[in-house]
4 protein chains.
Amino acid sequence: MKRSAQSVPATKIKTTVEDPALVERRRAQLTQAAIACFSEHGYHSTTIRDVAERADVSIGLIYQYVGDKEDLLFMALQAVLDGYMRQIPPALEGITGPLHRFCVAVQAYSRVNGDSVDATVLAYRETKSLRKERRSAIMRKELETNELMAACVRDCIDAGLFEDIDVDLFVYQIVMFCHAWALKAWHFAPKMDVDTYVERGLRLMLRGVLTKAGAKWMRKLEASGVAPAAPEGGKKNAGHRRL
Amino acid sequence: MKRSAQSVPATKIKTTVEDPALVERRRAQLTQAAIACFSEHGYHSTTIRDVAERADVSIGLIYQYVGDKEDLLFMALQAVLDGYMRQIPPALEGITGPLHRFCVAVQAYSRVNGDSVDATVLAYRETKSLRKERRSAIMRKELETNELMAACVRDCIDAGLFEDIDVDLFVYQIVMFCHAWALKAWHFAPKMDVDTYVERGLRLMLRGVLTKAGAKWMRKLEASGVAPAAPEGGKKNAGHRRL
Amino acid sequence: MKRSAQSVPATKIKTTVEDPALVERRRAQLTQAAIACFSEHGYHSTTIRDVAERADVSIGLIYQYVGDKEDLLFMALQAVLDGYMRQIPPALEGITGPLHRFCVAVQAYSRVNGDSVDATVLAYRETKSLRKERRSAIMRKELETNELMAACVRDCIDAGLFEDIDVDLFVYQIVMFCHAWALKAWHFAPKMDVDTYVERGLRLMLRGVLTKAGAKWMRKLEASGVAPAAPEGGKKNAGHRRL
Amino acid sequence: MKRSAQSVPATKIKTTVEDPALVERRRAQLTQAAIACFSEHGYHSTTIRDVAERADVSIGLIYQYVGDKEDLLFMALQAVLDGYMRQIPPALEGITGPLHRFCVAVQAYSRVNGDSVDATVLAYRETKSLRKERRSAIMRKELETNELMAACVRDCIDAGLFEDIDVDLFVYQIVMFCHAWALKAWHFAPKMDVDTYVERGLRLMLRGVLTKAGAKWMRKLEASGVAPAAPEGGKKNAGHRRL
DNA sequence: TATGAATGAGGTTTCATTCAT
DNA sequence: AATGAATGAAACCTCATTCAT
């Protein structure tokens with residue numbers, strides 16, 4: 001007696017609730033709870049009851065806003081990626097110098113990443129737990145985010161500040177470097193804070209990429225404190241740490 | 001919620017079988033099957049029965065060589081990391097030039113990685129599914145592997161071929177870059193092969209690191225074909241910008 | 001991570017147990033329990049736990065011999081219909097007179113029916129709870145059973161004992177009449193026993209069907225006590241009008 | 001497992017609405033929707049939401065006119081049986097000849113049955129899903145309906161048109177024969193239409209029951225076209241309709 | 001009177017693990 | 001040492017029913 005399964009776009013999520021505003025609010029609530037639970041114990045080890053308790057709702061309510069558990073994962077991963085998309089553009093607002101924009105973009109990226117280490121790790125752990133169409137949707141979102149940074153890189157190249165490098169590869173190198181902070185937090189967190197981490201890493205990576213003109217601009221930016229400055233003192237971890 | 005079982009080092013695995021040679025053989029067999037299954041479907045979605053069938057043994061037999069399912073995961077992850085440890089030293093055998101050694105080490109690393117993409121992804125997905133002590137054991141193993149490359153880097157610095165960089169950070173940058181091939185295979189695999197990928201990435205990363213002397217050596221190595229050579233004419237990839 | 005679904009004949013039932021003899025034995029055990037439970041409370045109101053308890057096995061065991069709850073229903077209904085198929089032929093063994101065979105077949109049929117009133121009712125209640133292919137399999141079985149009686153009817157016609165009637169319709173009339181005993185047990189059971197019921201009904205139905213020759217034979221059979229005899233003096237039922 | 005609620009006659013249904021006309025209207029609306037849903041998917045597989053949607057009302061509204069889901073089933077089954085009660089008497093209006101009345105009654109009965117095959121099947125499937133008191137109420141209704149036909153039969157006997165048969169048994173035989181059209185629609189519907197079915201069946205059944213006088217009358221009726229006529233042509237389904 | 005979001009008990013099913021053979 | 005049938009806890013999900021609006 002199964003009811004037939006309409007072929008809906010794989011990214012639409014079932015709900016029995018009619019008020020769209022309510023749906024949005026509840027979904028946000030559930031997504032937050034899901035991110036917290038999944039980050040902590042992983043997707044499979046988290047029960048629906050866990051999420052319900054975390055969100056302070058009943059189990060039944062969840063299934064009024066979501067078709068199944070996987071939907072929660074999908075929503076969670078989308079929200080994580082949306083975080084990047086949402087934070088970078090505002091950070092770039094009003095900034096014009098291409099190199100400056102690039103540095104700010106990386107900084108913004110690394111901050112989102114640093115603020116939600118668990119969520120980033122979650123994305124690496126559980127994206128494969130989604131069925132294919134949704135996995136693709138997530139990947140597409142990742143590429144869109146990368147594109148924000150890629151645009152900055154291209155501007156730098158066009159402005160003669162960067163060598164004519166492989167943009168895609170370079171951007172992914174930066175992204176992976178940022179993610180490494182989250183993925184290898186057990187290694188880095190005790191040694192330094194995110195900003196130090198990014199600062200140092202960026203300097204390493206930029207050295208091979210900046211043109212002479214780019215290097216000159218960089219020094220200016222460093223002087224004004226908006227770009228990775230040469231470490232003024234105790235290299236390894238001046239005493240911060242967190243996580 | 002049981003934790004410590006102090007008498008037994010957390011990394012020892014229970015068995016009811018007495019012949020150590022047999023234990024070793026069976027465990028190897030199970031580990032291979034586990035890696036295959038876990039890589040394909042993930043740890044949680046794989047059943048003991050799946051592993052038993054893949055290993056062509058009975059379910060009961062598994063529990064004679066293993067205490068529980070998590071042991072299989074532990075064995076699998078260890079084996080994956082051991083792969084790196086096992087492949088790099090032989091590759092370095094007989095090679096003396098520090099820069100040459102560095103390049104070969106990276107190459108060896110990236111090849112293990114390229115040959116077992118699924119296993120690398122597995123490590124990222126499922127390390128957190130281990131209980132803490134074992135997670136630490138896995139991390140320790142990762143650091144040991146990194147140390148193989150770190151030694152090469154330090155030699156290059158000491159030989160004046162590399163600037164005086166943050167070794168740890170640089171090594172992790174390379175490692176992450178290699179892993180990215182596996183983690184983002186969906187993005188890179190359709191565009192190029194591993195060797196091209198590493199070649200290009202390495203060149204990007206080295207430019208900021210080589211001293212003048214290092215750069216000279218590099219050109220020599222490239223000429224002799226053992227190091228990332230300037231692309232003579234892009235293959236799949238003729239249209240991309242590059243360094 | 002779903003495993004692909006082979007298209008097996010819709011009537012094959014999944015098992016994880018390898019020994020076919022054991023499978024058969026356990027399935028029989030489960031089928032009996034299922035018939036009992038389903039007859040008593042209906043299919044939907046019966047829980048798997050109910051069946052497990054009735055069969056004195058664990059819940060898990062059931063799922064080693066059966067794919068899902070519907071399989072239990074299918075097995076139950078098949079077993080019910082098989083009952084008819086199994087009982088009628090032996091009853092006809094050695095009997096040669098066409099009219100005699102017809103009477104014995106009906107008698108056998110009505111006895112199976114009378115012995116498993118609940119099961120017959122179950123078939124009427126729950127056949128629709130099966131998915132289509134299986135529903136068809138059950139219907140096919142019903143027709144096969146009817147064919148046993150249809151053959152007798154045809155023989156009677158060929159022997160000139162029955163008029164040239166619509167065999168199919170006549171057989172179904174008899175079958176429905178038998179089933180009515182079960183379906184309307186609340187009405188008939190307090191008034192008479194099955195044999196009386198069939199005897200009377202049969203006489204009603206035969207009167208319109210027997211040829212003169214048939215009627216003569218019938219009287220002989222009645223005299224020898226193998227066919228519905230004229231009631232010599234109603235039992236429970238002395239006051240009722242009768243044929 | 002709760003049972004009796006003695007104060008309220010088991011057939012009274014709870015409502016929070018005071019206007020009796022409204023109650024009646026709404027209940028009729030709900031009953032129609034319930035019959036449709038239950039016939040289609042069965043009682044247990046139908047959700048209250050299904051019924052609400054079919055009736056185009058809210059879920060909450062249902063519970064203002066009905067105590068629980070079983071009430072809907074009860075109302076539905078009552079309505080189905082009422083259908084018979086409602087259709088037969090008008091059909092008999094003005095007809096005086098006992099045999100004529102009998103034939104018309106059967107015809108009317110079979111027509112109700114033929115027009116609501118699903119509903120008849122529903123009654124067979126789900127009557128047992130009612131608690132006992134209500135089941136009895138339904139059975140009583142069935143007997144009342146039968147009584148309409150029994151009266152005709154008795155008149156025929158008294159008029160010397162029928163032999164002195166067991167009225168109760170004969171009526172049930174006819175009723176079951178009619179129901180068989182619904183219950184075995186999968187078998188009969190492809191072969192003939194209801195009227196043909198009833199016509200043929202009735203002739204079979206009447207032959208054993210009509211007295212000589214009855215038979216004469218019958219021929220008259222057939223001649224005037226109001227009774228089962230001898231088939232004029234192609235037996236099996238001259239090409240009419242089906243289910 | 002009408003609505004529909006919220007609840008949570010309870011059902012089906014899976015699967016790690018045990019243990020008799 | 002090897003097998004695989006048996007177990008049952010625990011997970012996901014449904015849906016009758018309530019109640020605030």
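Each chain gets a letter, A, B and so on, in the order the sequences are listed, and its residues count up from 1. Just so you know, these numbers use all the heavy atoms, side chains as well, and skip hydrogens, waters and symmetry mates.
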K.L.:
Would you mind telling me which of E:dT7, F:dA1, E:dA5 lies closest to the side-chain atoms of A:Ser58?
P.N.:
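My answer, after comparing the listed nucleotides, is E:dT7.
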K.L.:
At less than 4.0 Å, is any side-chain N or O atom of D:Arg26 found next to OP1 or OP2 of E:dA2? Yes or no.
P.N.:
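Yes, within the criterion.
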K.L.:
Could you tell me if the side chain of C:Thr16 sits less than 4.5 Å from the side chain of C:Tyr63, heavy atoms only?
P.N.:
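With C-beta onward as the side chain, the pair stays apart.
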K.L.:
Show which side-chain atoms of residues 52-61 of chain A pair as donor or acceptor with protein atoms under 3.5 Å away, not counting sequence neighbours.
P.N.:
from    : atom 1 : to      : atom 2 : distance (Å)
A:Arg54 : NH2    : A:Glu40 : OE1    : 2.9
A:Ser58 : OG     : A:Leu61 : N      : 3.1

K.L.:
List the protein contact pattern of nucleotides 13-21 of chain E with one symbol per nucleotide (5' to 3'): B for base contact, S for sugar-phosphate-only contact, - for none; contact means a heavy-atom distance under 4.0 Å.
P.N.:
BBSSBB---
K.L.:
Is the positively charged end of C:Lys128 above the ring of D:Tyr124, judged by distance under 6.0 angstrom from the centroid and angle within 45° of the axis?
P.N.:
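Cation-pi check for C:Lys128 and D:Tyr124: fails.
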K.L.:
Reckon D:Tyr65 has a side-chain N or O less than 4.0 Å from the OP1 or OP2 of E:dA2?
P.N.:
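So the side chain of D:Tyr65 is within the cut-off, an N or O lying under 4.0 Å from OP1 or OP2 of E:dA2.
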K.L.:
A side-chain contact here means heavy atoms from C-beta on lying under 4.5 Å apart; do D:Val66 and D:Met75 qualify?
P.N.:
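Heavy-atom side-chain distance check passes, below 4.5 Å.
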K.L.:
According to a 3.5 Å limit on both distances, what stems of 3 or more consecutive Watson-Crick or G-U pairs are formed with DNA chain E?
P.N.:
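E:2-21 with F:2-21 - these are the stems of 3 or more pairs that involve DNA chain E.
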K.L.:
Keeping the roles fixed (side chain from A:Lys69, backbone from A:Thr46), state whether a donor-acceptor pair exists under 3.5 Å.
P.N.:
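Here the side-chain-to-backbone pair exists.
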K.L.:
In plain terms, say whether A:Arg125 and A:Asp118 are close enough for a salt bridge, that is, a side-chain N and a carboxylate O under 4.0 Å apart.
P.N.:
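No.
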K.L.:
Rounded to the nearest Å, what distance is computed from the CG atom of residue C:Leu72 to the P atom of nucleotide E:dG11?
P.N.:
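After rounding, the gap between these two atoms is 16 Å.
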K.L.:
In whole Å, what is the span from the CZ atom of C:Phe38 to the C1' atom of E:dT12?
P.N.:
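In whole Å, E:dT12 C1' and C:Phe38 CZ are 12 Å from each other.
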K.L.:
Round to the nearest Å and state the distance from D:Ile62 atom CD1 to E:dT1 atom P.
P.N.:
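Going from CD1 in D:Ile62 over to P in E:dT1 covers 16 Å.
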K.L.:
Measure from CG on C:Leu22 to P on F:dG4 and round the result to the nearest Å.
P.N.:
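So the CG-P distance, C:Leu22 to F:dG4, works out to 12 Å.
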K.L.:
Report yes or no: does B:Glu126 contribute a side-chain atom to a donor-acceptor pair with the main-chain N or O of B:Leu73 at less than 3.5 Å?
P.N.:
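Not at all, since once roles are kept as given, no pair shorter than 3.5 Å links the two residues.
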K.L.:
Let me know the distance between NE2 of C:His41 and P of E:dG11, rounded to the nearest Å.
P.N.:
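Rounded to whole Å, this separation is 12 Å.
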K.L.:
Hey, could you give me the CG/CD1 distance between B:Asp68 and B:Ile62, rounded to the nearest 0.5 Å?
P.N.:
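One finds 12.0 Å between CG of B:Asp68 and CD1 of B:Ile62.
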K.L.:
Distance check needed: F:dA5 C1' versus C:Glu18 CD, whole Å only.
P.N.:
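It is 10 Å, rounded to the nearest whole Å.
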K.L.:
Let me know the distance between CG of B:Asp56 and P of F:dA1, rounded to the nearest Å.
P.N.:
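About 19 Å, once rounded to whole Å.
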K.L.:
State whether the side chain of A:Tyr43 and the backbone N or O of A:Glu70 hold a donor-acceptor pair below 3.5 Å, judged by distance alone.
P.N.:
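Checking the backbone N and O of A:Glu70 against the side chain of A:Tyr43, a donor-acceptor pair under 3.5 Å is found.
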